[in-house]
Amino acid sequence: MLPYLRRVLRLSLVLVVLAVILPAGAGAAPRAAEPTVLYHETHVWQPQEQAPYYAALARFFVPAPPGYVDFSFGHCAMSAWGCMYWTQDHATVRLTAKGRTDPFIFAHEMGHVFDMYVLAPTHFRARFSALLGEKEWVTPHSEEYFADTYAFCALHRHLSGTWTTGYGLKLTPRLHDQSCRLIQAAYTAWQALEPRPYGQSGP
Ligand SMILES: [Zn+2]
């Protein structure tokens, strides 16, 4: 409990730094064949409420998660600024008051969603672990490493230096580029799946 709490707090501190130092990515993004659909089971979102998050997805330098996300503001366990829960066939993402305006937090949670919609069913989790030099995918360590990696790829086409995330992932510019290509390759593999396990139908 305590080590995890310390890790979350450490991540929060790092994310504060990242939010200040790293600007959000800009430019054209690949178009998703199955775009992310943000909805909320009990709340009818107004277009102006959704717009900033769809705009953020459109700026991603890697494909967005192809499917439904029950997305809203709310609480997360362990003082995390954002969280993702996978429930059978779609993701639930909550951003806290601290996390809702932070592009890295949003992109990190979308990384968790992308993992469930794309990486896991295409068996690219093993390739990601191999890319990091790890023997196998280990929960929850690997999920967090991937979500951090996805967030950097979503927000930055390239890195000019090495970054160490709050979860301890050391991302060199080379590893960043390799990871972003792996994410794109996984998405291409997902597009070829027939039938697609999730994402092609609503809740
Ligand atoms: Zn996470």
Side-chain angles (χ1 to χ4, degrees), residues 1-22 24-25 36 38 53 56-57 60-88 90-121 124-129 131-132 134 136-156 159 163-171 175-176 179-180 182-183 186-187 198-199:
M1 175 79 73
L2 281 176
Y4 180 77
L5 183 58
R6 277 200 299 273
R7 189 177 65 175
V8 169
L9 291 174
R10 189 157 52 95
L11 174 65
S12 299
L13 290 174
V14 170
L15 291 179
V16 168
V17 174
L18 289 175
V20 171
I21 294 176
L22 298 179
T36 309
L38 305 174
Y53 298 98
L57 289 167
F60 278 8
F61 288 118
V62 286
Y68 282 80
V69 181
D70 179 350
F71 177 78
S72 189
F73 307 133
H75 298 288
C76 294
M78 305 299 292
S79 303
W81 289 12
C83 44
M84 192 283 292
Y85 307 98
W86 181 255
T87 46
Q88 292 295 321
H90 72 273
T92 297
V93 168
R94 295 290 180 265
L95 298 180
T96 68
K98 287 183 176 177
R100 69 184 59 171
T101 58
D102 188 318
F104 191 88
I105 298 287
F106 178 70
H108 175 99
E109 300 310 330
M110 289 300 111
H112 283 308
V113 180
F114 188 91
D115 171 29
M116 297 306 297
Y117 272 128
V118 176
L119 213 67
F124 266 70
R125 281 180 160 188
R127 295 197 195 189
F128 177 71
S129 296
L131 184 62
L132 298 187
E134 299 182 339
E136 58 186 354
W137 183 277
V138 179
T139 300
H141 154 91
S142 300
E143 279 89 344
E144 299 304 342
Y145 269 25
F146 178 74
D148 274 351
T149 299
Y150 179 92
F152 270 94
C153 288
L155 300 178
H156 303 279
L159 295 183
W163 285 85
T164 301
T165 73
Y167 283 103
L169 170 65
K170 189 175 177 182
L171 262 182
L175 180 57
H176 173 80
S179 300
C180 301
L182 181 143
I183 289 168
Y187 186 75
Y198 317 110

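Because the structure is predicted, anything quoted here is derived from the model rather than measured. Read the numbers this way: they start at 1 and go in the same order the structure lists the ligands and their atoms.
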**Report entry** Short N/O/S contact of D148 with the Zn ion (ligand 1) (below 2.8 Å)
**Finding:** no
Report task. Please confirm if an N, O or S atom belonging to H108, backbone or side chain, lies less than 2.8 Å from the Zn ion (ligand 1). Result -> yes
Query raised in the report: Can you tell me the angle formed at the Zn ion (ligand 1) by OE1 of E144 and NE2 of H112, to 10°?
Result: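 The two atoms subtend 100° at the Zn ion (ligand 1).
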Query raised in the report: Residues two or more places apart in sequence or in another chain: which of them pass salt bridge (Lys or Arg N to Asp or Glu O under 4.0 Å) with R125?
Result: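 R125: salt bridge (Lys or Arg N to Asp or Glu O under 4.0 Å) contacts with D115, E143.
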Requested in this report: Report the residues that fulfil ring-ring contact (aromatic ring centres under 6.0 Å, His included) with F71, sequence neighbours left out, ordered by chain and then residue number.
Outcome: W45, Y53, F106
Report task. Show your working on side-chain hydrogen bond (donor to acceptor under 3.5 Å, both in side chains) between H108 and D148 and close with a plain yes or no. Result -> CA-CA 6 Å; H108 175 99; D148 274 351; 2.9 Å; yes
Query raised in the report: When the aromatic ring centroids of Y145 and F128 are compared, is their separation below 6.0 Å?
Result: no
